[in-house]
Amino acid sequence: MADPKGFLTTGREVAQTRPVEERVKDWNEVYVPGSLLPIISKQAGRCMDCGIPFCHNGCPLGNLIPEWNDYAYREDWSAASERLHATNNFPEFTGRLCPAPCESACVLGINQPPVTIKNVEVSIIDKAWDSGDVTPQPPERLSGKTVAVIGSGPAGLAAAQQLTRAGHTVAVYERADRIGGLLRYGIPAFKMEKSHINRRIEQMRAEGTKFRTETEIGRDIDAAKLRRRYDAVVIAAGATVSRDLPVPGRELNGIHFAMEYLPLANKVQEGDLTVAPITAEGKHVVVIGGGDTGADCVGTAHRQGAASVTQLEIMPKPGEERNPGQPWPTFPMLYKVTSAHEEGGERIYAVSTTHFEGDEDGNVQSLHLIEVEFKDGKLEQLPGTERRIPAQLVTLAMGFTGTDQANGLVQQFGLELDARGNIARDADFATNVPGVYVAGDAGRGQSLIVWAIAEGRSAARGVDRFLTGASELHAPIKPTDRALVV
């Protein structure tokens, strides 16, 4: 145990953010560089090293949290990094982007603020990179087997790294011009600077993983031909079909999916564009959708100089504390103020968009909404609550409905889908096509980055067993596992 009295003597202290007026002028990460190291060892010492560490249940990766908390408390950063990497290929991603279901399941969180697990995690991995503890781990011998991974998001990268280290020759195919999937173009730089992706890609290249960008399986390469070329295939193409809003006026200019808007802002930061073709500069912006993607749109609009930003959510405003219907250690639905929300804008809950209005040139100018409530499990509009708000740029951030079928990948492979439109798989993450496996959102549906990495690791074990008859790779979850919720 780190500090036997740490949870009694030390209060919770989190990473310090830069002043709002400073950070909205740039695209750097919002946290003060180096602000965690002076406090993180004591924060790790708050871990009680529980007899039954429920943080393991909250984390689908099964991260060895009490172990690396103990090492961080003792400032044995090399040992902490080893324990962290034992279950997680990319802790610098999860430490910045994961909503930390492990903290919701922390036993200390029953009656005190939980351990800052996420901050400890990112401190360990940043220290490991700085000290040179993160090095390539090429396999000792090659198996002679080849694997194609379709998609370079967290699930695809995790599967590729595991299979490369197992000795297989792995090629990752990505339809975008850079590796990273939504990590690259869906997540704004102020949440995670892309240098973190770049150095992991270089590590994977040094281990032997090959990368093929600007290659879309189904369009550029026939999926059936790809299957014949490789001994196995892992589909990690994500759930990229955005949920639409079919209301009058949807066809107006200035209404875009979040995944049309956010990638362009990221391409400006990559140096590909001088100005984003879709920008919030000087406009009244409305973001429809109250999740993390919606918050990303809010923060992006602030940095582009929006005249105003309003975020709409159809669900009622959550409470700031757990309600009896969401007891510990489940992941509670709480009112969350992200760094983007700290920067300004208005949030409106329990409303539904009825229609859009435009000008004579077909550009959106306003949005009409109405208040709603749920009665007996049904959504009902409240007469007399209609109102109109200005909207010259609207981003739809209402989630995703499934994997892309328009590019032909599903049909060319001959894949079966489940009842929700995801690619069906068995207990080993195998599809109905021999040698073809699926990991991440393409099989699970829209989920969190930590689940994507867990899926990639688990699918890699299934592929390894298929190719060699046995596997020693770590498989933290089954395809049927779900988050601990009520």
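We use all heavy atoms of the structure for the numbers below, so side chains are in, but hydrogens, waters and symmetry mates are not.
The local environment of CZ in Arg199 is crowded, with over 12 non-hydrogen atoms from other residues, nucleotides or ligands closer than 6.0 Å. Lys267 NZ: more than 12 foreign heavy atoms inside a 6.0 Å radius. Counting heavy-atom neighbours within 6.0 Å of Leu8 CG, excluding the residue itself, gives a total above 12. Heavy atoms from other residues, nucleotides or ligands lying under 6.0 Å from CD of Glu22 number more than 12.
Note that CZ of Phe7 is 11.0 Å distant from SG of Cys106, once rounded to the nearest 0.5 Å. Taken to the nearest 0.5 Å, the SG atom of Cys55 stands 10.0 Å off from the CD atom of Glu103. Here the straight-line distance linking atom NE2 of His256 with atom CE of Met259 works out to 14.5 Å at 0.5 Å rounding. Taken to the nearest 0.5 Å, the NZ atom of Lys127 stands 10.0 Å off from the OG atom of Ser123. Distance CZ/Arg46 to CD/Gln112: 6.0 Å, rounded to 0.5 Å. Between the CG atom in Leu108 and the CZ atom in Arg12 there is a gap of 9.5 Å [rounded to 0.5 Å].
Taking 4.5 Å as the limit, every side-chain heavy atom of Met315 sits out of range of all side-chain heavy atoms of Tyr349. Looking only at side-chain heavy atoms (C-beta outward), Trp451 and Ile477 come within less than 4.5 Å of each other. The shortest side-chain heavy-atom distance between Ile125 and Val134 falls under the 4.5 Å cut-off. Residues Ile179 and Leu157 meet the side-chain proximity criterion, which asks for heavy atoms closer than 4.5 Å. Between Leu369 and Leu312, some side-chain heavy-atom pair lies under the 4.5 Å cut-off. Between Asn28 and Arg18 there is a side-chain heavy-atom pair separated by less than 4.5 Å. Between Ile124 and Trp68, the closest side-chain pair of non-hydrogen atoms falls below 4.5 Å. Side-chain contact between Ile201 and Phe211 is present, with at least one heavy-atom pair separated by less than 4.5 Å.
Put simply, the side chain of Lys118 gets close to the backbone of Cys98: a donor and an acceptor are under 3.5 Å apart. Side-chain atoms of Arg465 do not come within 3.5 Å of backbone N or O of Ala470 as any donor-acceptor pair. Judged by distance alone, with hydrogens and angles left aside, the side-chain atoms of Arg322 form no donor-acceptor pair with the main-chain N or O of Gly319 at under 3.5 Å. For Gln326 (side chain) and Pro332 (main-chain N/O), no donor-acceptor pair under 3.5 Å exists by modelled atom type. At distances below 3.5 Å, at least one donor-acceptor pair connects side-chain atoms of Glu260 with backbone N or O atoms of Phe257. Listed for the Thr403 side chain is a donor-acceptor partner under 3.5 Å among the backbone atoms of Gly238. Although no hydrogens or angles enter the test, the distance criterion places a donor-acceptor pair under 3.5 Å between the side chain of Arg461 and the main chain of Ser471. Between the side chain of Asp49 and the backbone N or O of Pro66 there is no donor-acceptor pair closer than 3.5 Å.
Here Asp292 pairs with Lys336 in a salt bridge; the nearest charged N to carboxylate O distance falls below 4.0 Å. At a threshold of 4.0 Å, the pair Arg175-Asp404 counts as salt-bridged, since one of the basic side-chain nitrogens sits closer than that to a carboxylate oxygen. One finds a salt bridge joining Asp296 and Lys191 here, because a Lys/Arg side-chain nitrogen approaches an Asp/Glu carboxylate oxygen to under 4.0 Å. Classification of Glu202 and Arg205 as a salt-bridged pair holds, one side-chain N sitting under 4.0 Å from a carboxylate O. Ion pairing between a basic and an acidic side chain is recognised when a charged N comes within 4.0 Å of a carboxylate O; Asp126 and Arg96 show such pairing. A salt bridge links Arg200 with Glu92; the closest basic N to acidic carboxylate O contact falls under 4.0 Å. For the pair Asp481 and Arg444, the salt-bridge criterion is not met [side-chain N within less than 4.0 Å of a carboxylate O]. Arg425 and Glu455 are joined by a salt bridge, as a carboxylate oxygen and a charged side-chain nitrogen come within less than 4.0 angstrom of each other.
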Trace of the side chain to side chain donor-acceptor pair (under 3.5 Å) decision for Asn69 with Gln43: CA-CA 9 Å; Asn69 273 334; Gln43 290 301 306; over 6 Å; no
Side chain to side chain donor-acceptor pair (under 3.5 Å) between Glu29 and His196, worked out: CA-CA 11 Å; Glu29 290 182 10; His196 302 297; 3.0 Å; yes
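In this model, a donor atom of one side chain and an acceptor atom of the other lie less than 3.5 Å apart for Tyr261 and Gln304. A donor and an acceptor atom, one from each side chain of Thr94 and Asn88, are located under 3.5 Å apart. Donor-acceptor pairing under 3.5 Å is recorded for the side chains of Arg184 and Asn198. Side-chain atoms of Ser78 and Asp133 include a donor-acceptor pair closer than 3.5 Å. A donor and an acceptor atom, one from each side chain of Glu174 and Ser152, are located under 3.5 Å apart. Under 3.5 Å, the side chains of Thr87 and Asn63 contain a donor-acceptor pair of N or O atoms. No side-chain donor-acceptor contact under 3.5 Å links Thr164 and His168. For the residue pair Asn119/Tyr31, the side-chain donor-acceptor check at 3.5 Å is not satisfied.
Summarising the geometry of Gly440 relative to Ala155, their closest heavy-atom pair is CA-CB, 3.7 Å, with the distance given to 0.1 Å. Contact record, Leu84 with Glu121: CD2-O, 3.7 Å, taken as the closest heavy-atom pair. When all heavy atoms of Val309 and Ala301 are compared, the closest pair comes out as CG2-CB, 3.9 Å. Taking each heavy atom of Ala439 and Ala459 in turn, the nearest pair found is CB-CB, 3.7 Å. Nearest heavy-atom pair across Phe90 and Pro154 is CE1-O, 4.1 Å. Across every non-hydrogen atom of Ser447 and Asp441, the tightest pair is N-OD1, 3.4 Å.
A cation-pi arrangement is found for Lys317 relative to Tyr335, the charged atom lying closer than 6.0 Å to the ring centre and inside a 45° cone about the ring normal. For the pair Arg303 and Phe190, the cation sits on the ring face: its NZ or CZ lies under 6.0 Å from the ring centre, inside 45° of the axis.
For the side-chain hydrogen bond (donor to acceptor under 3.5 Å, both in side chains) condition, the pairs that include at least one residue of residues 154-163, sequence neighbours left out, are Asn89-Gln161, Asn89-Gln162, Gln161-Gln203, Gln161-Glu207.
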